[in-house]
Amino acid sequence: MSSLDLGVLVSGSGTNLQAILDAVQAGRLDARVRVVVSNRAEAQGLARAAAADVPTRVVSHRDYPDRPSFDRALVGVLRDAGVRWVVLAGFMRIVTAELLDAFPQRVINIHPSLLPAFPGVDAQAQALAYGVRVTGCTVHLVDAGTDTGPIVGQRAVPVLDGDDRAALAARILEQEHALLVEVLQGVAAGRLRVEPGEGGRARAHLALDGGRDGGQGAP
Ligand code: GRF
């Protein structure tokens with residue numbers, strides 16, 4: 001069984017990337033991080049990758065006139081590195097069809113809310129402002145919308161009295177790390193299925209039994 005060839009896109013601190021690297025290092029996740037790409041040279045995630053001997057690349061969105069041309073550059077870097085699955089781990093850019101069509105149903109995002117609640121930026125602040133008592137995190141496949149793609153996994157997190165944004169974000173982040181690794185373990189085991197759902201909306205499902213395709217899926 002071949003392992004999962006991942007490309008991880010980061011813009012910031014990269015703690016979700018670290019969770020992936022730690023799981024791979026500990027033998028809990030049958031994957032290889034082929035490259036870590038950031039749109040920001042100062043992203044801490046790049047240092048985390050370098051410390052784990054993972055190749056890094058900076059592709060600055062400022063060097064491209066529009067989103068599609070930026071995404072074409074990303075696709076080139078990811079393909080050159082042998083990536084087959086892409087993880088958006090705190091990547092603060094909206095991706096376009098250029099990336100999604102290059103990796104169909106193989107772009108995964110982690111979002112700090114129980115989608116479809118609180119999509120977009122600063123989901124933790126949105127949850128606090130709304131006054132929900134439970135929020136959480138979601139791993140989903142990326143589609144053309146903002147945080148709208150098929151949901152693969154979710155974890156609930158309580159909002160506690162006196163929480164500020166930082167406290168809530170930290171509590172959610174802990175669950176993000178566990179959820180992201182859990183989902184990638186399922187993908188690596190070939191257990192992810194994507195099927196048409198109601199109204200043409202695709203449904204993702206992590207099956208309980210293992211697949212036979214080594215986790216890379218059909219071409
Ligand atoms: C996480 O909360 C993630 O859900 C969101 O951005 C944050 C990234 O954190 N998309 P990190 O860079 O993985 O530490």
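Sequence positions, counted from 1, serve as the residue numbers for this chain. Counting starts at 1 for both ligands and their atoms, in listed order. Owing to the predicted nature of the structure, the values given are computational and were not obtained by experimental measurement.
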**OP:** Give the minimum heavy-atom separation between Val194 and Leu141, together with the two atoms involved.
**Re:** CG2-CD1, 3.5 Å

Original post:
For atom 12 (O) of ligand 1, what's the nearest protein heavy atom and its distance?
Top reply: Gly14 N, 2.7 Å

Original post:
Ile110 near ligand 1, heavy-atom distance under 4.0 Å?
Top reply: yes

**OP:** Classify the angle between the aromatic ring planes of Phe70 and Tyr64 as parallel (below 30°), tilted (30 to 60°) or perpendicular (above 60°).
**Re:** tilted

**OP:** Specify the closest pair of heavy atoms between Val142 and Ile108, including all atoms of both residues, with the distance to one decimal.
**Re:** CG2-C, 4.1 Å

Subject >> Shortest protein heavy-atom distance from atom 2 (O) of ligand 1, along with the residue and atom involved >> reply: Glu176 OE2, 2.9 Å

**OP:** Just go through Gly90, Cys137, Gly45 and tell me whose heavy atom is the nearest to atom 7 (C) of ligand 1.
**Re:** Gly90

Original post:
Who passes salt bridge (Lys or Arg N to Asp or Glu O under 4.0 Å) against Asp122, sequence neighbours left out?
Top reply: Arg165

Original post:
Are the side chains of Arg106 and Val86 in touch, meaning some heavy atoms are under 4.5 Å apart?
Top reply: no

**OP:** Would you mind checking which non-hydrogen protein atom is closest to atom 9 (O) of ligand 1, with the distance to 0.1 Å?
**Re:** Asn16 ND2, 3.9 Å

Original post:
Is Asn109 in polar range of ligand 1, meaning some N or O pair under 3.5 Å apart?
Top reply: no

Subject >> Any N or O of Leu173 closer than 3.5 Å to N or O of ligand 1 >> reply: no

Original post:
Under 4.0 Å from ligand 1, counting heavy atoms only, is it the side chain of Met92, its backbone, both or neither?
Top reply: neither

**OP:** Could I get the full list of salt bridge (Lys or Arg N to Asp or Glu O under 4.0 Å) partners for Arg155, not counting sequence neighbours?
**Re:** Glu182

